[in-house]
Amino acid sequence: MADALLSAVSTVLNDLYGWDGPVELQPTRKDFEGDSTLVVFPFLKLSRKSPVDTAREIGESLQVASDLVSSFNAVQGFLNIVLSTDQIQARFDAIRSADAWGTTPVDPNAPAAMVEFSSPNTNKPLHLGHVRNILLGHSVSRILEASGRKVVQVQIVNDRGVHICKSMWAWQQFGGGITPDSAGKKGDHLVGDFYVRFDQEYRSQVRELMAQGLDEDAAKAQAPCMLEVQEMLRQWEAGDAEVRNLWATMNGWVYDGFNQTYSRLGVRFDRNYFESDTYVLGKQDIEEGLARGVFYRRDDGSVWIDLREDGLDEKLVLRRDGTSVYMTQDIGTAIQRFKDFSIDRLTYVVGNEQDYHFKVLFLILKKLGYAWADQLFHLSYGMVDLPSGKMKSREGTVVDADDLLDEMESTARALSEELGKTEGLVDAEKAQLYRVLGHGALKYFILKVDPRKRMVFNPEESIDFNGHTGPFIQYSHARIKSILRKAEGRSTAWDWSEVVVDERTKELIQTLDRFPQAVEQAARAYSPAVVAQFAYDLAKAFNGFYQANPILNADSEALVAFRVELCQTTAAALRRALEMLGIEAPERM
RNA sequence: GCACCCAUAGCUCAGCUGGAUAGAGCAACGCACUUCUAAUGCGUAGGUCGAAGGUUCGAAUCCUUCUGGGUGUACCA
């Protein structure tokens with residue numbers, strides 16, 4: 001891209017001042033004339049001239065030395081370079097002849113990048129928090145692919161423990177043999193209902209015990225339903241057939257429900273890891289680390305690592321009875337994954353309440369000597385809050401993922417009908433359109449925000465479909481497609497000599513030109529927000545172009561052909577960028 | 001207590017490794033559809049970038065302190 005210009009500038013700086021340090025160019029600000037800007041302050045000491053004179057001196061040499069530069073202007077310490085039209089033309093030639101502009105073909109022989117996301121518990125349905133997680137994980141995976149990486153998507157399912165036993169217990173007590181089929185309900189919701197039912201029962205038992213004179217802690221510890229659940233967990237661990245059966249059945253219901261939601265969101269996993277399998281992992285690794293002095297054993301038999309020199313604390317990795325903790329499991333699972341797959345990096349999409357955990361985990365793996373430890377990344381994201389505060393499942397203030405998707409779809413329908421956009425579509429096409437638009441709005445709404453920031457979601461105010469939104473970009477795409485349909489059969493021949501490149505056209509080409517850098521930056525930072533911003537910029541640049549230039553009614557057939565090709569290239573780029581966000585681009589809307 | 005994260009327009013957010021007069025969208029007001037889809041475009045208005053110091057030719061960006069909000073600091077996961 002501007003590499004040619006960059007090297008020309010470097011050469012000039014070297015000739016003039018003997019400068020051999022790094023040189024950076026930035027896009028010229030809108031209010032100034034020019035395409036690319038060099039900040040000259042760093043060279044003042046060498047030039048021994050004023051900022052303006054230095055800028056002029058560099059500009060003049062540059063103009064002589066390179067035919068990329070048509071003119072320049074110097075404002076204070078800024079040298080604004082105007083690229084020659086040849087250069088703009090060369091850029092568009094490169095863009096249109098590329099196979100899939102913006103993306104790098106995946107190298108099938110290189111190691112893959114693994115992305116872990118979603119990772120739900122099996123006692124309740126997915127909610128808005130999971131939605132942010134899932135969208136981030138899916139989008140980061142698509143972005144890594146677009147940057148040339150093979151990607152392995154995994155989730156770790158938290159399928160064992162006291163939480164699922166609570167649902168199981170309540171189902172036994174109150175379920176009367178009900179199943180998702182007989183209830184006509186998604187399995188994850190059904191199981192979630194029993195989880196809530198357990199909690200009600202538990203609280204009422206605690207209240208009763210307290211009425212009998214027990215204090216709160218004692219009441220909580222002695223509530224019969226809790227004791228039974230704990231017994232159930234012991235039976236599970238002992239491999240009791242009946243308990244295991246019920247556990248497998250109810251988890252199966254939940255997976256069916258999850259899979260429906262995943263497929264609605266367009267998400268899949270290459271491998272599911274189950275905690276009921278992975279919780280035994282890690283102990284061996286701890287033993288080995290112990291032998292090598294990475295860990296130490298205390299008098300009581302528990303095993304620890306001392307991370308105080310690294311600014312962290314001491315951390316337990318094996319209990320005194322030799323059983324493992326969360327950290328143990330995560331150490332073992334990470335190591336296992338690098339054995340299971342040919343990968344060289346692993347990204348965890350997990351909420352920021354686990355920042356410390358992952359800091360410790362990565363450090364331990366590094367101390368254990370794994371080279372890939374440097375390629376572990378915690379994509380830490382903030383909570384999604386409601387205006388009323390945190391979502392609490394027990395208080396029923398969670399925004400359910402399926403409900404949310406339903407609502408987005410019906411909002412999309414209301415809007416489409418109001419705008420009269422549904423004429424000539426059959427019902428199936430309409431439903432598909434509402435789905436694509438509703439989901440597009442939701443996905444963009446979530447992904448455009450820096451993951452680190454906590455975000456507020458107000459269910460009362462529906463998510464926007466105008467402005468800086470998914471549907472805005474989808475609309476730009478659909479409008480182009482409409483033009484392209486009408487352009488069918490027209491001549492596609494054009495030559496640069498027959499074409500005018502006005503400001504808007506130039507801006508559109510320059511925006512397209514940024515696509516690969518945007519993808520690269522997004523991949524480097526694991527940040528869908530970068531791609532989201534780019535897609536918006538591109539749609540905006542197109543709309544400006546569209547507004548200023550007639551396409552099918554342009555002055556000459558050659559100009560029509562050129563603009564149609566520019567449209568085509570833009571639509572393809574928009575589609576690809578949206579794809580990286582997990583958003584579909586409709587042909588019409 | 002200690003550690004980490006966040007704070008930019010009324011609201012929701014951009015601002016990459018320090019660069020020019022801090023940008024979008026929503027909401028408000030005004031303009032533009034007999035012309036390729038107005039879910040659009042153009043304009044007006046809106047800012048002590050939480051506060052105070054510091055480094056620098058130059059700071060929303062880097063450093064220090066403080067304030068406010070969040071999270072973590074379990075032989076839970």
Side-chain angles (χ1 to χ4, degrees), chain A residues 22 24 26 28-32 37 39-42 44-45 51 75-78 80 121 158 160-163 275 279 300-304 311-313 315-321 323-327 329-330 351-357 359 380 382-383 385 390 412 415-416 418-421 437 441 445 448-450 452-456 458 461 463-476 478-487 517-518 521-522 524-525 527 529-530 532-533 536-537 539-540 543-544 546-554 560 563-564 567 588-589:
Chain A
E24 274 183 57
Q26 49 189 293
T28 302
R29 286 183 66 107
K30 276 252 164 56
D31 334 289
F32 298 91
T37 294
V39 181
V40 303
F41 288 106
L44 295 187
K45 274 181 212 138
V75 182
Q76 297 168 44
F78 299 88
N80 299 323
N121 290 352
N158 186 0
R160 88 189 179 102
V162 75
H163 58 87
E275 260 189 46
Y279 82 110
D300 66 4
S302 58
V303 179
W304 296 72
L312 304 171
D313 299 319
K315 187 79 190 173
L316 175 94
V317 290
L318 274 184
R319 294 194 185 98
R320 85 177 141 241
D321 62 7
T323 55
S324 56
V325 291
Y326 183 35
M327 186 62 74
Q329 226 183 96
D330 263 9
N352 62 9
E353 67 274 9
Q354 297 201 35
D355 284 356
Y356 184 75
H357 173 78
K359 220 184 236 183
S380 161
M383 305 223 159
D385 291 320
K390 274 179 83 163
L415 196 56
S416 298
E418 189 189 317
L419 292 170
K421 301 280 189 179
L437 294 180
F445 176 80
K448 75 171 176 182
V449 181
D450 182 338
R452 275 176 314 194
K453 296 194 177 171
R454 34 181 302 181
M455 56 190 296
V456 178
N458 188 345
E461 294 171 22
I463 289 174
D464 247 307
F465 282 67
N466 299 323
H468 189 179
T469 67
F472 169 89
I473 301 164
Q474 292 173 315
Y475 176 70
S476 306
R479 197 155 60 170
I480 298 175
K481 294 305 251 193
S482 165
I483 293 169
L484 294 177
R485 281 192 293 272
K486 289 182 175 149
Q517 296 154 256
Q521 190 193 331
R524 198 166 6 102
S527 173
V530 173
Q533 187 65 43
Y536 177 68
D537 290 345
K540 227 171 141 43
N543 288 338
Y546 170 88
Q547 167 76 20
N549 297 298
I551 294 159
L552 298 174
N553 303 320
V560 171
R563 287 182 179 159
V564 166
C567 282
R588 56 163 289 184
M589 63 185 273

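Here is how names work: the chains are called A, B, and so on, in the same order as the sequence lines, proteins then strands, and each is numbered from 1.
The side chain of A:D355 sits closest to B:C4 out of B:C16, B:C4, B:C75. Minimum atom distance to the side chain of A:Q329 is reached by B:A77, of the listed B:A77, B:A14, B:A20. When each of B:U17, B:C16, B:G72 is scored by its nearest atom to the side-chain atoms of A:Y356, the top-ranked nucleotide is B:G72. Proximity note for A:R319 (side chain, C-beta onward) versus B:A77, B:G25, B:A14: the nearest is B:A77.
Remark: A:R452 is in phosphate contact with B:C6, judged by side-chain N or O atoms under 4.0 Å from OP1 or OP2. Distances shorter than 4.0 Å separate none of the side-chain N or O atoms of A:K30 from OP1 or OP2 on B:U21. For A:K359, no side-chain nitrogen or oxygen approaches OP1 or OP2 of B:A3 to under 4.0 Å. For the OP1/OP2 pair of B:C36 and a distance below 4.0 Å, the side-chain nitrogens and oxygens of A:S482 include no atom meeting the criterion. At B:A20, one or more side-chain N or O atoms of A:R29 fall inside 4.0 Å of OP1 or OP2 (strictly under the cut-off).
In this structure, CG of A:L484 is placed 13 Å from C1' of B:U37, rounded to the nearest angstrom. For the pair A:D537 CG and B:G15 P, the computed distance is 11 Å after rounding to whole Å. Rounded to whole angstrom, the span from the CD atom of A:Q354 across to the C1' atom of B:A74 amounts to 13 Å. In this structure, NZ of A:K448 is placed 6 Å from C1' of B:U12, rounded to the nearest angstrom. A straight line from CZ of A:F32 to P of B:U21 spans 7 Å, rounded to a whole angstrom. Taking atom CG on A:N549 and atom C1' on B:U35, their separation rounds to 14 Å, with Å as the unit. Atom CG of A:L316 and atom P of B:U73 are 13 Å apart (whole Å).
For the pair A:R563 (side chain) and A:P550 (backbone), a donor-acceptor distance under 3.5 Å is present.
In this structure, A:R524 reaches neither bases nor backbone, as no heavy-atom distance under 4.0 Å exists between it and the strands shown. Among the heavy atoms of the strands, none lies under 4.0 Å from A:Q474.
Rounded to whole Å, the separation between the P atoms of B:C16 and B:C76 comes to 43 Å. The same atom, C1', is picked in B:G23 and in B:A45; the two are 16 Å apart, to the nearest Å. When the C1' atom is compared between B:C49 and B:C36, the two are found 42 Å apart, to the nearest whole Å.
For A:K421 against A:M589, the heavy-atom pair with the smallest separation is CD-O, 3.5 Å.
Side chains of A:D355 and A:S380: a donor on one and an acceptor on the other come within 3.5 Å. Side chains of A:Y356 and A:D313: a donor on one and an acceptor on the other come within 3.5 Å.
We find that A:R452 and A:D450 are joined by a salt bridge, their nearest charged nitrogen and carboxylate oxygen being less than 4.0 Å apart.
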Original post:
What does nucleotides 39-47 of chain B look like as a protein-contact string, B for base, S for sugar-phosphate only, - for none, at under 4.0 angstrom between heavy atoms?
Top reply: BSSS-----
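Listed by first residue number, the stems of RNA chain B with at least three Watson-Crick or G-U pairs below 3.5 Å are B:1-7 with B:67-73, B:10-13 with B:23-26, B:28-32 with B:40-44, B:50-54 with B:62-66.
In this pair, A:H357 and A:Y326 present their aromatic rings parallel. The plane angle is below 30°, not in the 30 to 60° band.
Aromatic stacking is not marked for A:F41 over B:G58, as the cut-offs of 5.5 Å for the centres and 30° for the planes do not both hold.
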